[in-house]
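None of the values given here were measured: they were computed from a predicted structure. Along the sequence shown, the residues carry numbers beginning at 1.
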Amino acid sequence: MANSIQNSMRDIFYKVQFNKTDHPQHMKSLTKLYNKYNLNKFWKDFVWCLQVPLSIQKNHSNVTNTLEFCAKFCMSFYPSQESETTEPISPFLEKLFKFLLSNHNAKDKGVRFRICFFLNMLLNSMGDNAFIDDSLCDQITVNMMERLLDKSPKVREQAVFALYRLQDPSDDECPVIKMYVFHVLKDPNADVRKAVLTTMGKNQKTLQAALTRTRDIDDSVRKKAYEFISKITVRSLTIEQRERLLKDGLEDRSESVRTCVSNVLLPSWLRYYKGEYLNLIHALDGGLGTETATSALQILFKNADLTNLLEQVPLDKDSKLIPLNNLTIENALYWKCVIQHLHRLSCVEELEIIIPELSEFSKYISSFISRMSSQSYEAWVDECHKFILLQLFEISTTYDLSDEMGRKNLNEVIIKTLISDHCSLKIIECIVHHLAKVIPDTNNMLNAVANVISDIRLPLNEIVTQEITEKDRHEKKMQITRKKVEVLELEEGLYKAIKEHNVLEVESIQEKINFLKEEISHISNTLEPQEIIQKEKNDTSTMVKCLNILYTALQSVLTLTPVLRDLMCFVLDSLKHSDCSVRIIALKTLSVYCILDKELAKMYIMMLFYQFSLEQEDPEIWVVSLKGIFDLLLIFGLDYFDILQSHNNTSQNRSERTRTLYTHEESSNNISVANRPDVEEGSCNFIKILTGLLTNENPDLRFTAAEGLCKLLFNERIKSSNLISLLIIMCYNPVNVDDVYVHQCLSTFFESFIIKVPDAHEMFENAYFPTLRIICDAPDVSPLRDINAYHVSKFILNFIRRGYQKNKGQESFDVHNNIAFSLLAEILNPESKIDHEILIKSLPNLCIQIEDEVSKQNLKKAINNVIKMVQEDKQLVKYVKLFERKLETSSDEIEVKIEESSESDE
């Protein structure tokens with residue numbers, strides 16, 4: 001009889017693993033067995049069969065089917081959802097939960113995994129409105145929270161799922177929610193963080209945790225975080241959070257994340273606003289996050305019905321314009337985005353419905369500008385008006401400019417706007433760029449720009465009436481009367497002198513009369529209004545505006561015209577202005593002048609360097625100057641400016657033991673690689689300044705210097721292993737640990753540099769030992785002491801190896817061969833300043849291929865000497881032995897090893 005129930009149950013468990021459709025039939029068979037035998041006997045055989053699938057960790061459909069069948073059968077003893085009874089849990093279920101919870105901490109991680117997995121199945125099988133006894137609930141919670149701390153990430157993941165139905169998002173003190181938040185923020189395993197985002201309920205705490213995970217390092221976790229947020233109403237997020245979510249999501253490096261934001265998050269927000277695009281723009285505060293709102297609309301428009309888009313533009317059907325009284329930030333932005341969308345799709349007929357002819361639209365813009373000038377507004381209202389004006393001008397850029405009259409009208413509006421006080425920087429950039437198309441002839445366009453700048457700085461003369469008091473007026477009239485009497489008396493004397501033919505007296509009296517008449521005329525003029533000629537305006541706002549107009553216009557030209565050369569005096573004068581913002585834009589403009597004319601570049605590059613010798617109120621001046629310097633060096637090269645380093649005698653000062661592999665000066669372009677001070681005190685002041693900025697306190701200046709030097713190296717304008725060494729140290733320096741932009745810049749540079757630049761392997765080779773010496777030789781107080789020198793060594797060797805992997809060439813083998821000899825020599829050098837342990841651990845990272853038998857024997861001899869030196873340290877001997885085996889490895893095997901280990905590279 002015993003064998004009968006065991007065989008029957010084993011047969012049922014065997015059959016249910018293959019097909020779920022047969023589960024109801026086998027459920028009836030198992031229920032009959034339960035009813036036929038006593039509980040203890042049934043339980044003993046049931047748990048004997050259940051232990052088999054619970055001990056298998058590997059995911060397989062058969063195991064899942066079996067456990068799902070067991071969960072359904074066990075839950076058939078659970079009270080139905082309609083039942084309102086409070087009867088205690090059935091003895092069978094009590095035994096089941098007791099068994100599971102007593103074994104949840106088994107030694108085998110596969111068992112722990114399956115128990116959590118099965119508990120999740122049991123709880124999910126209870127139905128949506130299920131309830132559970134408090135004591136059992138607490139017991140499951142405590143045990144599964146213990147499994148949340150399991151060392152196996154697979155077990156932690158299943159524990160997350162097992163706790164899913166035991167959380168209470170409405171309770172601020174819910175322990176499950178607290179553990180979920182902790183693990184989604186802190187768990188090192190991406191699958192666990194993803195599981196939490198899949199299961200945790202929605203409240204403010206979990207929302208904030210999900211927002212944090214949108215910047216997770218793992219693509220799938222970021223995607224899951226956006227899916228979580230898409231299920232929360234958009235009103236639960238602040239405007240800043242909405243804008244940041246879209247900006248980060250739409251620009252994410254992972255296509256799956258971008259697709260999730262485009263196809264899940266954005267449509268869910270639009271559905272919340274019932275498909276009303278204007279309400280969505282209002283929710284995103286289009287005036288502040290213009291670029292984000294525009295990107296969001298462009299994505300939503302891709303799958304939108306054109307008729308629906310056109311209907312939501314609040315146009316007057318007759319004029320095809322939005323009435324000025326109804327023109328707002330939201331509908332102006334939406335109008336522009338719809339027009340640009342139709343323009344991209346070349347929907348001519350639809351465009352004609354929502355936009356008038358160019359002349360009419362130019363009048364519309366002019367009317368809006370007049371409305372802005374009609375009265376004074378509060379600052380925020382004025383900013384809104386400028387934003388709307390920008391949208392109108394961006395709409396004007398979509399027009400076909402073949403209409404000569406329309407082009408003329410648009411030109412007048414642009415000039416009028418530039419002269420007005422309603423120009424923001426974005427408006428200037430938009431309309432000055434467009435002016436190059438409105439006025440196709442470059443000379444005419446630049447003449448227009450010059451006239452605009454002149455009109456802004458030299459407005460029309462004004463007649464100013466001087467206020468004169470009645471007392472002053474009476475006094476001046478009395479002066480005029482007295483002088484007139486004196487004139488009459490002198491004229492009588494003149495008459496007598498003429499009659500007496502006294503020539504000398506006639507001349508004297510005539511001079512007195514003329515002098516008095518001039519005084520009378522001057523006093524009379526002071527009683528009349530006078531024309532006061534104003535001087536050129538040089539206040540900050542005027543200068544910044546004019547320089548921005550000129551700077552933007554320069555972007556549209558290829559050579560300097562006479563008009564631009566005349567305006568250069570204005571730029572140079574602006575460099576002396578007292579306000580930093582004026583000097584910043586003046587330096588930008590001067591840099592563009594130098595880019596357009598190589599003679600000006602040679603003449604004024606020192607002026608850019610000169611900025612670093614001055615104490616600046618705003619470090620942005622240094623950043624702008626540095627960008628200008630790098631642009632000129634990239635375009636014209638260092639040799640054009642005589643910035644090549646002179647060959648010094650450092651090569652003559654080398655130690656006799658020094659190997660040419662790692663201290664050889666590459667060329668006259670190289671900076672000394674002996675130590676860092678020598679680099680900064682080299683013969684070239686230009687290089688001294690630029691490399692010195694890599695350690696500047698200002699992060700923007702530091703990043704600009706690193707980026708510029710990387711560009712010079714990548715474009716082969718300079719060749720310096722010492723600079724490579726400085727950049728590697730900069731990447732590992734703890735001071736820069738939070739400087740994300742520097743790390744991104746350097747990592748991108750190294751990846752491309754080793755593949756694209758022919759001399760990259762040689763520079764990395766020559767930078768290897770100096771870099772390690774700088775780190776190991778750093779003072780105790782230096783942050784460089786915290787750098788792991790082995791990681792740096794592995795980094796350099798792996799990048800050289802990666803170059804081989806990409807280029808499939810022999811050069812990387814040659815470099816690694818050279819480094820191998822030098823590395824062994826350095827290990828055996830008793831005076832070496834580099835830690836021998838670091839060098840020995842680095843040996844297995846070398847990929848060597850030596851065909852010459854003599855060289856191979858020399859290498860083996862050096863290896864044996866190293867083994868003798870470290871024979872007491874078994875771990876170091878192991879590293880040397882591992883390297884020794886590579887001598888007998890073929891090149892094909894080396895390539896395979898490279899490909900297999902590339903995934904673990906740092």
Check: Looking at Phe117, does the NZ or CZ of Arg114 lie under 6.0 angstrom from its six-membered ring centre and within 45 degrees of the ring axis?
Finding: yes

Margin query: Under 6.0 Å from the ring centre and within 45 degrees of the ring axis: does the NZ or CZ of Lys154 meet both conditions for the six-membered ring of Phe113?
Written below: no

Next item on the list: Please list, chain by chain and in numerical order, all residues satisfying side chain to side chain contact (heavy atoms under 4.5 Å, CB included) with Asp285, sequence neighbours excluded.
Entry: Ile239, Leu288

Checklist line | Gln167 side-chain N/O to Gly201 backbone N/O, donor-acceptor pair under 3.5 Å | finding: yes

Check: Heavy-atom distance under 4.5 Å between the side chains of Lys202 and Leu207, does that happen here?
Finding: no

Next item on the list: Check whether any side-chain heavy atom of Phe46 sits under 4.5 Å from a side-chain heavy atom of Leu33, and report yes or no.
Entry: no

Next item on the list: Identify the heavy atoms of Leu211 and Gln241 that sit nearest to each other, and give their distance.
Entry: CD1-NE2, 3.4 Å

Next item on the list: Report, as yes or no, whether the 6.0 Å neighbourhood of atom CD on Gln208 holds more than 12 heavy atoms from other residues, nucleotides or ligands.
Entry: yes

Check: Less than 4.5 Å apart, any side-chain heavy atom of Leu843 and any of Tyr879?
Finding: no

Note to self: Counting the benzene-type ring for Trp, do Tyr768 and Phe764 have ring centres under 6.0 Å apart?
What the structure shows: no

Next item on the list: Side-chain contact test, heavy atoms from C-beta onward, threshold under 4.5 Å: evaluate it for Val264 versus Tyr226 and give yes or no.
Entry: no

Margin query: I need the Phe750 CZ to Ile755 CD1 distance, nearest 0.5 Å.
Written below: 13.5 Å

Next item on the list: Could you list the residues that satisfy side chain to side chain contact (heavy atoms under 4.5 Å, CB included) with Thr206, not counting sequence neighbours?
Entry: Ile177, Val181, Met200, Asn203, Phe228

Item checked: Donor-acceptor under 3.5 Å (Tyr180 side chain, Val160 main chain) -> yes

Check: Among all residues two or more places apart in sequence or in another chain, which pass the side chain to side chain donor-acceptor pair (under 3.5 Å) test with Thr292?
Finding: Glu243

Checklist line | Flag if over 12 foreign heavy atoms under 6.0 Å of OH, Tyr14 | finding: no

Margin query: Is the shortest side-chain heavy-atom distance between Trp269 and Leu246 below 4.5 Å?
Written below: yes

Next item on the list: Determine, for Arg258 against Glu251, whether the closest basic-nitrogen to carboxylate-oxygen distance falls under 4.0 angstrom.
Entry: no

Checklist line | Straight-line distance of Ile728 CD1 to Asn733 CG, nearest 0.5 Å | finding: 13.5 Å

Margin query: Would you compute the distance between atom CG of Leu96 and atom CZ of Phe99 and round it to the nearest 0.5 angstrom?
Written below: 8.0 Å

Check: In Å, rounded to the nearest 0.5 Å, how long is the span from CG of Asn279 to CG of Leu284?
Finding: 11.0 Å

Notebook entry, point to check: Below 4.5 Å, heavy atoms only, C-beta onward: do Leu149 and Met179 meet side chain to side chain?
Noted result: yes

Checklist line | His183 side-chain N/O to Val192 backbone N/O, donor-acceptor pair under 3.5 Å | finding: no

Item checked: Tyr164, OH: over 12 other non-hydrogen atoms inside 6.0 angstrom -> no

Check: Where the side chain of Arg112 meets the backbone of His104, is there a donor-acceptor pair that is under 3.5 Å apart?
Finding: no

Margin query: To the closest 0.5 Å, what do you measure between CD1 (Ile775) and CG (Asn788)?
Written below: 9.0 Å

Notebook entry, point to check: Distance-only, no hydrogens or angles: does the Gln744 side chain make a donor-acceptor pair with backbone N or O of Tyr741 under 3.5 Å?
Noted result: no

Notebook entry, point to check: Just by distance, do the side chain of Ser793 and the backbone of Ala789 share a donor-acceptor pair under 3.5 Å?
Noted result: no

Check: Could you give all pairs that pass the salt bridge (charged side-chain N to carboxylate O under 4.0 Å, His left out) test and reach residues 220-239, with sequence neighbours left out?
Finding: Asp219-Arg222, Arg222-Asp252, Lys224-Glu227

Checklist line | For Thr294, all residues meeting side chain to side chain donor-acceptor pair (under 3.5 Å), sequence neighbours excluded | finding: none

Check: Got more than 12 heavy atoms from elsewhere within 6.0 Å of NZ, Lys247?
Finding: no

Next item on the list: Can you run down the salt bridge (charged side-chain N to carboxylate O under 4.0 Å, His left out) pairs that involve residues 63-72, sequence neighbours left out, and say none if there aren't any?
Entry: Lys20-Glu68, Glu68-Lys72

Next item on the list: List for me each residue that meets side chain to side chain contact (heavy atoms under 4.5 Å, CB included) alongside Ile299, sequence neighbours excluded, and say none if there are none.
Entry: Leu250, Ser262, Leu266

Note to self: List the residues meeting side chain to side chain donor-acceptor pair (under 3.5 Å) with Glu707, not counting sequence neighbours, and say none if there are none.
What the structure shows: none

Margin query: Counting neighbours of CD on Glu146 that are heavy atoms of other residues, nucleotides or ligands and sit closer than 6.0 Å, is the number greater than 12?
Written below: yes

Check: side chain to side chain donor-acceptor pair (under 3.5 Å) with Arg215: which residues, sequence neighbours excluded?
Finding: Asp248

Notebook entry, point to check: Given side chains that start at C-beta, do those of Leu265 and Cys260 come closer than 4.5 Å, heavy atoms only?
Noted result: no

Checklist line | ring pair (Phe, Tyr, Trp, His ring centres under 6.0 Å) partners for Phe753, two or more places apart | finding: Phe749

Notebook entry, point to check: Going by the salt bridge (charged side-chain N to carboxylate O under 4.0 Å, His left out) test, which pairs reach into residues 95-109, not counting sequence neighbours?
Noted result: none

Check: Is it true that atom OH of Tyr272 has more than 12 heavy atoms of other residues, nucleotides or ligands lying nearer than 6.0 Å?
Finding: yes

Check: When rounded to the nearest 0.5 angstrom, what is the spacing between CG in Leu280 and OH in Tyr273?
Finding: 7.0 Å

Next item on the list: Would you check if the side chain of Thr198 reaches a backbone N or O of Lys194 as a donor-acceptor pair within less than 3.5 Å?
Entry: yes

Next item on the list: Without swapping roles, check the side chain of Asn736 against the backbone of Met730 for a donor-acceptor pair under 3.5 Å.
Entry: yes

Margin query: List the residues meeting side chain to side chain contact (heavy atoms under 4.5 Å, CB included) with Ala304, not counting sequence neighbours, and say none if there are none.
Written below: Tyr277, Leu309

Next item on the list: Without swapping roles, check the side chain of His816 against the backbone of Leu846 for a donor-acceptor pair under 3.5 Å.
Entry: no

Next item on the list: Look only at the side chain of Arg242 and the backbone of Val234, and say whether a donor-acceptor pair between them is shorter than 3.5 Å.
Entry: yes

Next item on the list: State whether Arg193 and Asp218 are salt-bridged, where the test is any N-O pair (Lys NZ or Arg NE/NH1/NH2 against Asp/Glu carboxylate O) under 4.0 Å.
Entry: no

Check: Is there side-chain contact between Phe161 and Cys116, with heavy atoms separated by less than 4.5 Å?
Finding: no

